[in-house]
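Okay, so here's the structure we're looking at.
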Amino acid sequence: MTDLQKIYSRLFDSFGPQNWWPADTPFEVMIGAILTQQTSWKNVEVAIQNLKDKNLLNVESLSDIPNDELEKEIRKTGFYRQKSKAVKNLVSFLMEEYQGDLDKMCTEDRQELREKLLSVKGIGHETADSILLYACIKPFFVVDAYTRRALKRLELADTDDYEQIRDFFESSLPKETTLYNEFHALWVELGKRHCKIKPLCDNCPLNDMCPHPSKTE
DNA sequence: ACCCAGGTGGCCC
DNA sequence: GGGCCACATGGG
């Protein structure tokens with residue numbers, strides 16, 4: 001059993017299945033992925049509900065809505081001017097490349113699709129991979145800040161580079177979307193429980209795996 | 001009055 | 001290829 005498989009087992013046994021992404025449709029996943037950038041999910045839920053209440057959570061409406069009106073709906077998620085532009089950029093991309101058809105987007109070659117998503121302004125590595133994994137169900141491992149900090153803490157990775165860490169996961173684990181899905185969600189759950197600082201936390205399922213569990217800086 | 005949150009892009013060297 | 005920085009609201 002590899003270190004990563006062991007960690008996954010510990011997290012799964014402690015926190016249980018996370019059943020991500022919390023959304024009703026793949027389109028909702030994509031918009032949520034942008035809105036949750038550097039923002040707690042609680043605030044994103046409000047914004048998503050605002051959009052749903054006004055029947056704005058679809059490609060056509062978000063294509064037509066003026067930027068300042070969209071900003072109002074998503075204000076609570078922070079960085080709302082940037083995120084509003086990112087959402088508009090994404091729906092423009094969807095319309096131009098796939099006539100607004102998400103299924104069409106997801107049938108494209110996975111590497112090419114990733115490159116295209118990354119070329120959309122406002123969509124970076126994590127957002128692109130979140131869309132690929134949770135909206136298109138393609139095996140890309142999503143790496144977030146929690147994951148990087150924990151890997152470094154556990155001395156399993158000596159880099160901060162996103163692509164290297166993603167490659168580490170993808171080459172160490174079976175290429176299963178359900179595994180990638182749960183694993184990333186479990187890292188986030190670990191982070192939410194404040195297991196990100198040294199020592200990871202009280203009752204953290206990974207504490208005894210830390211190289212220096214009682215080191216005091 | 002801090003610090004952090006399921007990041008990203010634009011600079012600079 | 002890194003190291004800063006602005007971006008913005010809400011909750012502890």
Side-chain angles (χ1 to χ4, degrees), chain A residues 7-8 11-12 15-23 26 28-51 67-93 114-136 140-153 157-167 169 177 179-198 200-202 204 217:
Chain A
I7 289 169
Y8 177 76
L11 293 176
F12 190 90
F15 303 143
Q18 303 297 302
N19 302 310
W20 272 23
W21 185 283
E28 188 178 330
V29 171
M30 301 206 304
I31 302 305
I34 290 173
L35 297 182
T36 198
Q37 290 167 357
Q38 191 62 27
T39 302
S40 63
W41 182 254
K42 188 70 184 159
N43 295 326
V44 177
E45 287 179 323
V46 176
I48 293 282
Q49 195 56 50
N50 285 344
L51 296 173
N67 219 288
D68 58 322
E69 284 186 35
L70 178 54
E71 288 176 359
K72 271 191 291 183
E73 308 302 334
I74 67 173
R75 197 171 88 267
K76 284 192 165 46
T77 68
F79 303 133
Y80 58 86
R81 278 185 277 263
Q82 288 188 174
K83 287 175 179 176
S84 175
K85 284 179 195 148
V87 166
K88 300 288 281 181
N89 290 340
L90 177 59
V91 295
S92 297
F93 165 74
R114 185 167 196 269
E115 291 307 311
K116 285 189 183 180
L117 285 170
L118 286 174
S119 73
V120 177
K121 241 200 284 190
I123 295 184
H125 296 121
E126 185 179 342
T127 306
D129 288 334
S130 295
I131 291 171
L132 288 162
L133 179 61
Y134 293 104
C136 289
F140 286 96
F141 200 95
V142 180
V143 178
D144 66 302
Y146 294 136
T147 311
R148 291 190 220 196
R149 281 189 290 245
L151 275 195
K152 208 158 196 179
R153 168 79 181 119
D158 54 354
T159 178
D160 281 321
D161 183 76
Y162 185 98
E163 297 299 331
Q164 284 187 46
I165 295 177
R166 185 171 65 81
D167 186 64
F169 279 96
T177 54
L179 171 62
Y180 288 9
N181 178 324
E182 285 295 335
F183 207 159
H184 169 62
L186 286 165
W187 278 125
V188 174
E189 183 59 23
L190 181 74
K192 281 182 178 171
R193 296 179 188 226
H194 306 290
C195 296
K196 56 183 184 283
I197 24 177
K198 311 176 184 181
L200 289 174
C201 67
D202 295 333
C204 175
E217 303 277 271

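Atom name P, nucleotides C:dA6 and B:dC3: the rounded distance is 15 Å, in whole Å. Between B:dC4 and C:dC7, the distance separating the two C1' atoms is 15 Å to the nearest Å. Look at the C1' atom in both C:dG10 and B:dG9: the space between them is 24 Å, to the nearest Å. Comparing the same atom, C1', in C:dG11 and in B:dT8 gives a spacing of 23 Å after rounding to whole Å. Taking the P atoms as reference points, C:dA8 lies 16 Å from B:dC11, given to the whole Å.
A:Val143 comes within 4.0 angstrom of no nucleic acid atom, judged by non-hydrogen atoms across all strands. When heavy atoms are screened at a 4.0 angstrom cut-off, A:Ala33 is found touching no nucleic acid atom at all. The residue A:Trp187 sits apart from the nucleic acid: no heavy atom pair falls under 4.0 Å. Among the protein residues, A:His184 comes within range of no part of the nucleic acid, since none of its heavy atoms lies under 4.0 Å from any strand. Nucleic acid contact for A:Ile123: sugar-phosphate only, since backbone atoms but no base atoms lie under 4.0 Å from a heavy atom of the residue.
Residues A:Val143 and A:Leu151 fail the side-chain proximity criterion, which asks for heavy atoms closer than 4.5 Å. Here the side chains of A:Trp41 and A:Val188 are not in contact, with every heavy-atom distance at 4.5 Å or above. At least one side-chain heavy atom of A:Tyr8 sits under 4.5 Å from a side-chain heavy atom of A:Leu186. In this structure the side chain of A:Trp187 reaches within 4.5 angstrom of the side chain of A:Ile7, judged on heavy atoms. Looking only at side-chain heavy atoms (C-beta outward), A:Leu117 and A:Phe93 come within less than 4.5 Å of each other.
What separates CG of A:Asn43 from C1' of B:dA5 is a distance of 8 Å, to the nearest Å. Spacing between atom CD1 of A:Ile131 and atom P of B:dG6 amounts to 18 Å, rounded to whole angstrom units. Rounded to whole Å, the distance from OH on A:Tyr146 to C1' on B:dG7 is 12 Å. Atom CD1 in A:Ile165 sits roughly 13 Å away from atom P in B:dG7 (whole-Å rounding). Rounded to whole Å, the distance from CD1 on A:Ile31 to C1' on B:dG6 is 16 Å. One atom, CH2 of A:Trp41, and another, P of B:dG6, lie 11 Å apart when rounded to the nearest Å. For the pair A:Phe141 CZ and B:dG6 P, the computed distance is 16 Å after rounding to whole Å. Between the CG atom of A:Leu117 and the P atom of B:dG7 there is a distance of 18 Å, rounded to whole Å.
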Candidate pair A:Thr147 and A:Asp144, rule side-chain hydrogen bond (donor to acceptor under 3.5 Å, both in side chains), full reasoning: CA-CA 5 Å; A:Thr147 311; A:Asp144 66 302; 2.4 Å; yes
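Nearest to the side-chain atoms of A:Arg149 among the listed nucleotides C:dT9, B:dA5, B:dG7 stands B:dA5.
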Considering only nitrogen or oxygen atoms on both sides, find all protein atoms under 3.5 Å from nucleotides 4-8 of chain C and state each distance.
from	atom 1	to	atom 2	distance (Å)
C:dC7	O2	A:Gln82	OE1	3.3
C:dC7	O2	A:Gln82	NE2	3.3
C:dA8	OP1	A:Arg81	N	3.0
C:dA8	OP1	A:Gln82	N	3.2
C:dA8	OP2	A:Arg81	NE	3.0
C:dA8	OP2	A:Arg81	NH2	3.2
C:dA8	O4'	A:Phe79	N	2.9

Could you run down the sub-3.5 Å N/O contacts of the protein with nucleotides 10-12 of chain B?
from	atom 1	to	atom 2	distance (Å)
B:dG10	OP1	A:Lys121	NZ	3.2

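Identified under the side-chain hydrogen bond (donor to acceptor under 3.5 Å, both in side chains) test for residues 122-132 of chain A, with sequence neighbours left out: A:Gln37-A:Thr127, A:Arg114-A:Asp129, A:His125-A:Glu163, A:Asp129-A:Tyr162. For residues 72-88 of chain A, the pairs satisfying salt bridge (charged side-chain N to carboxylate O under 4.0 Å, His left out) are A:Lys54-A:Glu73, with sequence neighbours left out.
Shown here are the salt bridge (charged side-chain N to carboxylate O under 4.0 Å, His left out) partners of A:Lys152, two or more places apart in sequence or in another chain: A:Asp160.
For the OP1/OP2 pair of C:dG10 and a distance below 4.0 Å, the side-chain nitrogens and oxygens of A:Lys76 include at least one atom meeting the criterion.
In terms of position along DNA chain B, the nucleotide closest to A:Val188 lies nearer the 5' end than the nucleotide closest to the other residue of the pair A:Val188 and A:Leu118. Annotation: of the two residues near DNA chain B, A:Ser130 and A:Gly122, the 5′-most nearest-nucleotide partner is A:Ser130. Across the interface with DNA chain C, nearest-nucleotide mapping of A:Asp160 and A:Ser40 shows A:Asp160 to be the residue nearer the 5′ end.
The aromatic rings of A:Tyr134 and A:His184 are tilted relative to each other, their planes meeting at an angle between 30° and 60°.
Side-chain atoms of A:Asn89 come within 3.5 Å of backbone N or O of A:Lys121 as a donor-acceptor pair. Here the side chain of A:Ser84 pairs no donor or acceptor atom with the backbone of A:Leu70 at under 3.5 angstrom. In this structure a side-chain-to-backbone donor-acceptor pair under 3.5 Å is missing from A:Gln38 to A:Thr36.
The stretch residues 84-93 of chain A has no heavy atom under 4.0 angstrom from DNA chain B at all.
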